[in-house]
There are 2 protein chains.
Amino acid sequence: MSRRVRCPIASTLDIVGDRWSLLIVRDILRGHHRFSDLRETVEGIPSSILSDRLKVLEREGIVARRPYSDRPPRSAYTLTGKGHALGVVVGALSSWGERYGEHDLSIVDNACGHGVSLVYHCETCNRAAPRNRVRLVES
Amino acid sequence: MSRRVRCPIASTLDIVGDRWSLLIVRDILRGHHRFSDLRETVEGIPSSILSDRLKVLEREGIVARRPYSDRPPRSAYTLTGKGHALGVVVGALSSWGERYGEHDLSIVDNACGHGVSLVYHCETCNRAAPRNRVRLVES
DNA sequence: AGGGGTAAGTTCAATTTCTGGACTGACCCC
DNA sequence: GGGGTCAGTCCAGAAATTGAACTTACCCCT
């Protein structure tokens, strides 16, 4: 997979822009850390692909492999900070899917239990930026 | 491409979870509406793939094809509301790419010019929901 | 009227990637 | 010693992708 580095969107898609990687991230976020666990929860993923993607995600610093047994060799997969940050991408995909399809999963705020949406926010001004006011610009 | 409908994330990825679709959305968002335009701006996309993806995105109600000339046949591609909503996904990919790589594009609020980030927001309580407080739950 | 250029695709063979299933090795428990 | 689990690997067939060439239908210029 060759890299298209100029654009942060393209370069991100070069890493996780396939049918499976973000589902693996989703399930590690949901607390599934073992290979067999992920093979079951990531809908229909072949174990060869799971093995391959975990290696790529580890190489990219998105997941960390932590052996929890030497003999036999067993690993648990967790998200690094970089990997955890992909939660927003997963959240955005989920929001869109919830809005435009019928499903049985949603993202909620644990504190109030209500569904949440994703909005743009300007840290400097400390206010929301409406969707139609944001632009993609060269810096 | 078979469909994994249970989960909104999986079903969204079934539609736009490939190397090109979201780049096409990105560029239509940036104001590129014609086939030849997209072929140039979507980094290195083969025209056969562009043609194919535009058909899929049209079938999914994400882009609308509007002929602007009959003879010779010429079309412009625009985003539907559903397609425009994918801007948040593109924004999330961009934020992540900006944070974890070096690039020359960023998302800014047109009003103040500052870079913006994506945050979860509970409409009901009208307050932000911190990342670590949101969960993916069955509804 | 002929030549060159552009826009929007289509076609195709070669390559790459994905898929599903079988298989392996190293254990553990009974 | 038999059966089960876990974490993968291996492989052949199927499917998707790639790059390049080609097509159709104009327009402009001279």
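Below, read A as the first sequence line, B as the second, and so on, with proteins coming before strands; counting in each chain starts at 1.
For CZ of R133(A), the number of neighbouring non-hydrogen atoms (other residues, nucleotides, ligands) closer than 6.0 Å is greater than 12. Atom CZ of R65(B) has more than 12 heavy atoms from other residues, nucleotides or ligands within 6.0 Å. Other residues, nucleotides and ligands place more than 12 heavy atoms under 6.0 Å from the NE2 atom of H33(A).
Partner V63(A) forms a side-chain contact (heavy atoms from CB on, under 4.5 Å) with one of V56(A), L86(A), T78(A), I28(A) and no other, that one being I28(A).
You'll find that the side chain of S36(A) is closest to dC6(D), out of dC6(D), dG9(C), dG8(D). Nearest nucleotide to the R53(A) side chain, out of dC18(C), dT19(C), dT9(D): dC18(C).
Atom P of nucleotide dT11(C) and atom CG of L50(B) are separated by 16 Å, given to the nearest angstrom. The distance between atom CZ of F35(B) and atom C1' of dA8(C), rounded to the nearest whole Å, is 6 Å. Note: CD1 (I49(A)) to P (dA7(D)) measures 19 Å, nearest angstrom. The nearest whole Å value for the distance from the CD atom in E40(A) to the C1' atom in dA7(D) is 13 Å. Taking atom CD1 of I24(A) as the reference point, atom P of dA7(D) lies 14 Å away to the nearest angstrom. Spacing between atom CG of L54(A) and atom C1' of dG8(D) amounts to 10 Å, rounded to whole angstrom units. Here dA16(D) presents its C1' atom at 14 Å from CG of D18(A), a figure rounded to the nearest Å. We find that CG of D37(A) is positioned 15 Å from C1' of dG8(D), with the value rounded to whole Å.
Of all heavy-atom pairs spanning Y120(B) and G91(A), the tightest one is OH-CA, 3.5 Å. Contact record, D27(A) with R30(A): OD1-NH2, 2.7 Å, taken as the closest heavy-atom pair.
Contact check, Y77(B) against dA7(C): no side-chain N or O comes under 4.0 Å of OP1 or OP2. Under 4.0 angstrom from either OP1 or OP2 of dT10(C) there lies at least one side-chain N or O belonging to K55(B). Between R19(A) and dA15(D) there is no side-chain polar atom (N or O) within less than 4.0 angstrom of OP1 or OP2. For the pair W20(B) and dT18(D), the criterion of a side-chain N or O lying under 4.0 Å from OP1 or OP2 is met.
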Pairs under 3.5 Å (N/O, protein and nucleotides 19-21 of chain D):
| residue | atom | partner | partner atom | Å |
| --- | --- | --- | --- | --- |
| dG19(D) | O6 | S48(B) | OG | 3.3 |

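Connection of L29(A) to L54(A) is established within a shared hydrophobic cluster, with ILVMFWY side chains joined at heavy-atom distances below 4.5 Å, either directly or through further cluster members.
Within 4.0 Å (heavy atoms only), R34(A) reaches sugar-phosphate atoms of the nucleic acid but no base atom.
Judged by closest nucleotide on DNA chain C, D52(B) is the one of D52(B) and R74(A) placed further toward the 5' end.
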